[in-house]
K.L.:
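Structure provided below as structure tokens; questions to follow.
Quantities reported herein were computed from a predicted structural model and do not represent experimental measurements.
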Amino acid sequence: MVLTLVLPVALAFGLAARKAAPTNVLTPGISGAVAGYNDVQWRRDDLFPKAPLRGELFREHPGAGRFALKLSARGDFLKPDVLVYWAAGNAAPMDKLAGDAILLGAFGSAFLPLPEVAAISPGVLILYSLADQEIIDVSRPFPQK
């Protein structure tokens, strides 16, 4: 009988006292919330051999500026907590992340800025599921220019 009276009151107080959910917990460089990439260098649907993704390479200005990548899912690409890494060279499929892999950001970010070394040397993108602690796919090597 007491719980019938106490539980609704406690629930109401709990809902009123809760804090709002954060809108963006990542820094702009990590989350990919960088604007100003206008020049499309290329679009590829075959960048990843196993994952049904479309890759688009952008540049800040025609012929100049930094590069950024935009990935979008095609089909039924459902993986939890996917992070995108870049690694220099022609890395073959691997079981775990290389020590020199650079975190670009979370999959689904507007733009993933590439490191400056990516402009001068080819590399691969690595899709890593944080929830499953496994590599989902490794892209084909691509030059940026």
K.L.:
Are Ser72 and Leu53 close enough that some pair of their side-chain heavy atoms sits under 4.5 Å apart?
P.N.:
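In short, these two side chains do not touch, never coming nearer than 4.5 Å.
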K.L.:
With Phe107, which residues qualify under ring-ring contact (aromatic ring centres under 6.0 Å, His included), at least two apart?
P.N.:
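With sequence neighbours excluded, Phe107 shows a ring-ring contact (aromatic ring centres under 6.0 Å, His included) to Phe77, given in chain and number order.
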K.L.:
Using the side-chain contact (heavy atoms from CB on, under 4.5 Å) criterion, which residues pair with Leu15? Sequence neighbours excluded.
P.N.:
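Checked Leu15 against side-chain contact (heavy atoms from CB on, under 4.5 Å); matches are Leu11, Arg18.
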K.L.:
Tell me, do Ile102 and Tyr85 make a side-chain contact under 4.5 Å, heavy atoms counted?
P.N.:
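No - every pair of side-chain heavy atoms lies 4.5 Å or more apart.
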K.L.:
Does the side chain of Ile135 come within less than 4.5 Å of Leu127's, by heavy atoms?
P.N.:
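They are not in side-chain contact.
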K.L.:
Provide the closest heavy-atom pair for Leu104 versus Pro113 in the form atom of the first, atom of the second, distance.
P.N.:
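In this case the closest contact between Leu104 and Pro113 is CD2-O, 3.4 Å.
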K.L.:
Quick test of your reading of the model: are Arg66 and Glu60 salt-bridged, counting only N-O distances below 4.0 Å?
P.N.:
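No.
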K.L.:
So which heavy atom on Ser121 is nearest to which on Trp86, and how close?
P.N.:
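Distance-wise, the nearest heavy atoms are O-CZ2, 3.9 Å.
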K.L.:
Quick one: list whatever passes side-chain hydrogen bond (donor to acceptor under 3.5 Å, both in side chains) with Gln133, sequence neighbours left out.
P.N.:
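Here the qualifying residues are Tyr128.
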K.L.:
For residues Phe67 and Ala119, report the shortest heavy-atom separation together with the two atoms involved.
P.N.:
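Scanning both residues completely, I find the closest heavy atoms to be CE1-CB, 3.7 Å.
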K.L.:
Looking at side-chain heavy atoms only, is the closest gap between Leu47 and Leu125 below 4.5 Å?
P.N.:
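Leu47 reaches Leu125 side chain to side chain.
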K.L.:
Nearest 0.5 Å, please: how far is CG in Asp45 from CD in Glu56?
P.N.:
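Output value for this atom pair is 9.0 Å.
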K.L.:
What pairs with Pro80 under side-chain contact (heavy atoms from CB on, under 4.5 Å), at least two apart in sequence or on another chain?
P.N.:
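side-chain contact (heavy atoms from CB on, under 4.5 Å) list for Pro80, sorted by chain: Ser129, Ala131, Asp132.
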K.L.:
With a cutoff of under 4.5 Å between side-chain heavy atoms, which Ile, Leu, Val, Met, Phe, Trp and Tyr residues group with Val6?
P.N.:
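Other cluster members: Val2.
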K.L.:
Ignoring hydrogens, what is the shortest heavy-atom contact between Leu103 and Leu83? Give both atom names and the distance.
P.N.:
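Closest pair (atom of Leu103, atom of Leu83, distance): CD1-CB, 4.0 Å.
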K.L.:
Sequence neighbours excluded, which residues qualify as side-chain hydrogen bond (donor to acceptor under 3.5 Å, both in side chains) partners of Arg140?
P.N.:
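With neighbours one apart ignored, the set is empty.
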K.L.:
Heavy-atom distance under 4.5 Å between the side chains of Phe48 and Leu71, does that happen here?
P.N.:
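SC-SC contact between Phe48 and Leu71 confirmed.
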K.L.:
Under 3.5 Å, side chain of Ser109 to main-chain N/O of Gly105, donor-acceptor pair present?
P.N.:
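Absent.
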K.L.:
List, by chain and then residue number, the residues other than Val9 in its hydrophobic cluster (Ile/Leu/Val/Met/Phe/Trp/Tyr, side-chain heavy atoms under 4.5 Å); write none if there are no others.
P.N.:
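Same cluster as Val9: Phe13.
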K.L.:
So Arg44 and Trp42, do their side chains get closer than 4.5 Å, heavy atoms only?
P.N.:
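Yes, their side chains come closer than 4.5 Å.
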K.L.:
Does the side-chain contact (heavy atoms from CB on, under 4.5 Å) test come out yes or no for Val40 and Leu57, once each step is laid out?
P.N.:
CA-CA 6 Å; Val40 178; Leu57 187 68; over 6 Å; no
K.L.:
List in chain and number order the residues that pass side-chain hydrogen bond (donor to acceptor under 3.5 Å, both in side chains) with Asp39, two or more places apart in sequence or in another chain; answer none if no residue qualifies.
P.N.:
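So Asp39 forms a side-chain hydrogen bond (donor to acceptor under 3.5 Å, both in side chains) with Gln41.
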K.L.:
List for me each residue that meets ring-ring contact (aromatic ring centres under 6.0 Å, His included) alongside Phe58, sequence neighbours excluded, and say none if there are none.
P.N.:
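Checked Phe58 against ring-ring contact (aromatic ring centres under 6.0 Å, His included); matches are Phe111.
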K.L.:
When you measure from the side chain of Arg59 to the backbone of Gly65, do you find a donor-acceptor pair of N or O atoms at a distance under 3.5 Å?
P.N.:
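Side chain of Arg59 to backbone of Gly65: a pair is present.
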